[in-house]
Every structure is written in C-alpha cells, then in structure tokens.
Amino acid sequence: MMDRFLLRLPGARPMLAALAALALARAAAVIGQAWMLACAIDGLRAGGALADAAWHMAGFFACFLARQGVAFVQDVALSRYAAARAAQLRRGLLARVFEEGPALVGRLGTGGAVTLALEGVEQVETYLRLILPKMACVVVVPLALLAFVFPFDWVSGLIMLVVFPFIVFYMVFLGKVAKAEAGKQQQEFKRLANHFVDTLRGIDTLKLFGRGKQQGADIWESSERFRRATMKTMRTAILSGTVLDLFSTFSLAAVAIMLGFRLVDGSIAFFPALLVLVLVPEYFKPIREFASDYHASLDGKTALAALVPLAMPEADEAGADADGGEGAGALAGGSGDREADGVAGRCPAWSESCVLEARGVSFDYGERRALADASFAVRGFSKVGIVGMSGSGKSTLVNLLSGFAAPAAGSFFAAETRPGDGAAAAGAAPVSLGDPSWQRQLVYIPQDPYLFHATLRENVAFYQPGADDAAVARAVAAAGLEELVAVLPQGLDTPIGEGARALSGGQAQRIALARAFLDEGRRILLFDEPTAHLDIETELELKERMLPLMEGRLVFFATHRLHWLDDMDLVLVLEDGRVAEAGEPRALLAAGGALARLVDRMEGGCR
C-alpha cells in the first residue's frame, strides 16, 4: 500500500512522522469519547444522577472538539505541504521541458506533456492531501485501539486482530488490480490528449485533403477507449468498496454477537462490553477511509509515478539506488544517459579563444537518419549561418547545438586554445551540450517564442527575475518595444500571454530579443529560424535590432532567408542531412557549389 514515490518527495518522512503523532492524538480522543459515552450510559442504566451523566457528556464533547482540532491542524499542514510539493513538481517539470525541449515533448507527446503539467500536478496535490493522513491513521489508530481493548476483553481483541490482516491482504491484492486499471486509463487519456492536439494542429491539412470525417471517427474511437478504461476503473473501485464494507460489517457483527452471548451468561460486565462495542467501528474506520480515498486518488498516484522521474530526477536516482538500480528513472533520460555515453567533459566559459568542433555527428528519428556524419569547427565570437532546404536537417542540428538532443553517433569537442592554434579543438575532451556548463551560456530564440501569462515586465525579465527597472528599460529600448509599451494600458505592467493581451509575431520576437539583451552574461546565441513567420518588412526592421545583439557572441543562425548570408562569418550548407560545404559565404558563392545551388533553387530569396 505504501507508494515508494511518496517517500522520495522532500519532507515526506518528517510529514509522515508528524501525521503519526496527530493520528495518536486522534486515537486518544476516540478512546476518550468512547469512555465518556460508556460511563454516561452505564451510570444512567445503574440509576445514577443525571448531573453525573451531564459531566460525562461534557467530557465526551470535549474529546469531540479535541478530535476536530486534530483534524483541523492536520488539514492545514497537509494543504501547505501538498501545495508546496505540487508547485515544486510543476517547476521541475517545466525546467526539464526547457532543458530537453523537443526531445522530452516528443517522448511524452504534446498533449501528454500539457496534461501532466496541468491536471497531473493537481491530481498529485489531491493525492497527497488524501493519502498521507490515511496512511498514518491506518497504522497508528488500529494499533492504539487494539492495545486499549485487549485488557478489557481479550476475546473481542482477538477477533479484531485476526480479521484485520485479511482486510489488509485483500486491499493489497485489490490495489494491484486497481493500479493496473488506473494505469491503462492514464495511458488512454494520454493517447486521447495527444491525438486531439495533433488533430488541432493539422486541421487545415485534414480539411484540404478531405480527411475530416475520418479523423473525427478516430477521435471518437480514442474517446470510447478512454471511456471503457474509466468505467473499468470505476467498477473495480465500487465493487472493492462494497466488499470491504461487508468485511467490516461482518467483523463488527461477530464482535457484537460474542459480546451479547457473554453478557447473557454474565462472563463480561456491561461497561466493558459497551466500551468495546463503541470502539470497534472506530477500529475499522481508518482502513475503510484509506480504501475509499485510495481509489479516488489513483489518478494522482499514477501521475506521481510519471512526474517524480521527470521533475525530481535526483530523488528518483536516489530511490533507484535504494531499490537496487531499478525504477522509473531509467525511462526519463537525463544526465545518466550522458555518463553512459562516456561524455564527461565540461564546456569552457566561452571567449574569443574558444573552439567548438563537431566530429562525425549523426542523429536518427527512429529508423530515419536526419543528420549524418556532420563535421565542422567554429572559433571565438563568430556568426554562423545554418541554411538548407526544408528537411535538410537544420532543425535537427539546432536541437543538437542547444542540447535538446544528444548525438546518436559522433561527438562535440570544446576547448580554450592559444592564438595560432587554428580552428580545430585538437586534444580536447568530448563534451555534452546538454551539460549545465554549456546551457548556462546559451540563449535560445525559437520561431515562436513562448509568452507566459504574466505582465510584459515579467515576460522580459523571466530568465533574470532580479533585474531592476533600469535594466528592463534598457532591454526594452534595445529590442524596440517602446512603441508597444506606449500603447499598452498599463505599460510594462500590462498582462500578456494566454488569455490576456494578444501580440503579433513580430512583437513576440521583440520580447524574446529583450530577454536576450537583459541577460548580457550569456555569450552563445542560438536562433532557430526566428523570422520564418514574419513578413519581410517586419523581418528587416527586427534585423536592425538583432545584429547589435550578435556582436561579441558566438551565434548560430538557422534560416531560410538568404539575405542574412552577408552578415554571417561562416555558413554551414545542409543537403539531405549532411554538411555539404562550410565556409565564408562570398567564397562559397564564388565557388559555385552547394550554396550557389541553394540560392538558385530558393526562388525569391534576396541577398
């Protein structure tokens, strides 16, 4: 019943210890209630004064209030803990998405990643709030009540002791079945979410080729599979709850029948019999609550198992070591994969004397090779253009350079050289571009920069939240955002992003540039066709802002707009996943090779 992922959450063990202490206080309050109630009824039965019974009832209500106070403290502590862990998981997942980018989203699926970040984290928060106190109570309360009952009536105590393990065994067996059903439901929901998102993305193409009705039928079939999986999970939960109630009812009936027979023959007095009879339902109540909430929180349990390896890989690796090297961390990728590949070197702090070299780098998408045996070298603060037709491997190379993906073959090498050593990183150790030593120096600007649901100021300063107003103002001016700020109703404090003020593609790109201007310490810029969706007038206006940003930095600029070539120091020309040629653009054009062929093929390209 204990979920191993729970104990890998920060603060889980101290929280469980505190909940166990609160459960012991709850057991004491339950015993106090039962004692006071039994005393009041036994006193009235024996002809005692009503005033004496009133005092006992006052004690009963005092114990009741103490029990409610324990529950209140428990709820407050759990709400804070669950909210903190949920926020931590969401931050960790988003950080992992930023770190691995398309590689991680490709493994999870767009719909699966979004569902995990939104609904999955909320389900985990509910799971923690429901299950943690039940786990503490199911262990502490029955033991405390059993220890109290035995001195009063060992027969009833023996019945309670014998029945409890059967219920636990049944719950363990049922938990495995319910977990399997919930896992199937989660997979169907993930498949449905990915299918729906993919359909939305390609809805224009589907309509163009007359595939709308067929795609609608496919979505209906996916939703039906999810409905069937959900109904099976609910059926398992309902039937298991019914069987568990029967177990508890029969156990209570057995204790009551034995007490009745022994009251008749005089082998037990009325007071202990009543006291035990009042406590027996409380004895079974924690495990019944655990069972009902267990089924209600199975989605959270499944989501937690998916989130911990992604959002807290260090916790999962520690747990995997404790489990003998097993666990979900093997599915998550990350630093362990890089070490297994033998990549241990760190990237130097980039300067004019540094060299980055690719030697035989290749990458596959399943059985399709997207990049093959790519080799090139760049030195210092150079502007490197990456050009080629669609499907030539530009985006794949960008993903490798950003560290979003690791090469299937070949390696990158980085070193700090002396003047006159040339452009090769001779003798340098292989490095991983997914390592923090490279990532901390990198600014990545994609085609569609993400705008967070926050103010314009917070969006600009997202990667530098400690930046002061003067620095933000300089970044805004450098990116040419003054006109936008002037027309916004609240200036820099105007909310933008999801559901707020809508911005054009050019304005979104300016915000991405402002983020880069604000972070002056990063010396490597990576542009992934940042002007692909802009008209030429907007692009040329943005170009005036982008060129100063490139000075004093290593720049990789993937583009299909060839007018950028004149501003590049080096051009990598890709053809069918290979680096067809590399060199200074004017020299390549004069040679009439791959770059010249590309210019001829790209009609309308202006230089």
Side-chain angles (χ1 to χ4, degrees), residues 100-103 105-106 356-366 368-378 382-410 412 433-434 438 442-449 505 509 512 516 524-534 536 539 542-543 546 550 553-585 588-589 593-607:
E100 295 193 30
V105 176
L356 175 70
E357 185 176 357
R359 300 180 190 172
V361 171
S362 301
F363 187 81
D364 302 327
Y365 291 106
R368 183 177 70 87
R369 174 141 291 191
L371 195 68
D373 197 29
S375 299
F376 58 88
V378 296
S382 304
K383 294 188 283 292
V384 183
I386 303 173
V387 297
M389 299 296 292
S390 296
S392 61
K394 297 193 302 295
S395 294
T396 300
L397 181 56
V398 167
N399 286 340
L400 292 171
L401 290 169
S402 63
F404 289 160
F412 288 97
L433 301 189
W438 174 264
L442 180 70
V443 174
Y444 173 63
I445 300 180
Q447 291 185 27
D448 301 301
Q509 285 292 353
I524 304 166
L525 295 181
L526 186 59
F527 294 87
D528 184 9
E529 301 201 43
T531 60
H533 304 312
L534 304 180
I536 191 65
E539 179 178 4
L542 271 175
K543 184 177 182 180
M546 297 168 71
M550 298 178 185
R553 287 180 165 97
L554 171 62
V555 179
F556 292 98
F557 197 97
T559 183
H560 65 282
R561 302 277 179 89
L562 298 181
H563 65 81
W564 288 94
L565 291 180
D566 290 335
D567 302 292
M568 298 294 113
D569 302 314
L570 174 72
V571 174
L572 305 178
V573 185
L574 301 183
E575 285 186 348
D576 299 323
R578 297 182 179 275
V579 178
E581 61 182 12
E584 196 273 331
L588 294 181
L589 287 171
L595 183 58
R597 291 195 302 270
L598 177 65
V599 172
D600 291 338
R601 292 176 63 186
M602 297 182 70
E603 296 180 359
C606 60
R607 295 180 53 249

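The basis for the numbers below is simple: all heavy atoms, side chains too, and nothing from hydrogens, waters or symmetry mates.
Residues passing the ring pair (Phe, Tyr, Trp, His ring centres under 6.0 Å) test with F527 are F557, sequence neighbours excluded.
Side-chain contact between V387 and M568: absent, with no pair of heavy atoms (C-beta onward) separated by less than 4.5 Å. By the 4.5 Å heavy-atom criterion applied to side chains, S382 and L570 are not counted as neighbours. Using a 4.5 Å heavy-atom threshold, the side chains of L565 and L588 count as separate.
The two residues E575 and A594 make their nearest non-hydrogen contact at OE2-CB, 3.6 Å. Summarising the geometry of F412 relative to P407, their closest heavy-atom pair is CE1-CG, 3.9 Å, with the distance given to 0.1 Å. Residue L400 comes nearest to A406 through the heavy atom pair CD2-C, 3.7 Å, listed as atom of the first residue, atom of the second, then distance. Between L572 and A582, the closest heavy-atom pair is CD2-CB, 3.5 Å. Taking all atoms of both residues into account, the shortest heavy-atom contact from Q509 to L542 is CB-CD1, 3.8 Å. Residue L433 comes nearest to W438 through the heavy atom pair O-CD1, 3.1 Å, listed as atom of the first residue, atom of the second, then distance.
If you run side-chain contact (heavy atoms from CB on, under 4.5 Å) between P585 and each of D567, D569, V571, only V571 comes through. When each of V573, L574, D528, V579 is checked for a side-chain contact (heavy atoms from CB on, under 4.5 Å) with I386, only L574 meets the rule.
Note: L442 CG to L401 CG = 9.0 Å, rounded to the nearest 0.5 Å.
Environment of CZ in R553: crowded, with over 12 heavy atoms of neighbouring residues, nucleotides or ligands closer than 6.0 Å.
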Expected list for residues 388-397: side-chain donor-acceptor pairs under 3.5 angstrom, two or more places apart:
{"from": "S392", "atom 1": "OG", "to": "M389", "atom 2": "O", "distance (Å)": "2.7"}
{"from": "K394", "atom 1": "NZ", "to": "G388", "atom 2": "O", "distance (Å)": "2.9"}
{"from": "K394", "atom 1": "NZ", "to": "M389", "atom 2": "O", "distance (Å)": "3.4"}
{"from": "T396", "atom 1": "OG1", "to": "Y365", "atom 2": "OH", "distance (Å)": "3.2"}

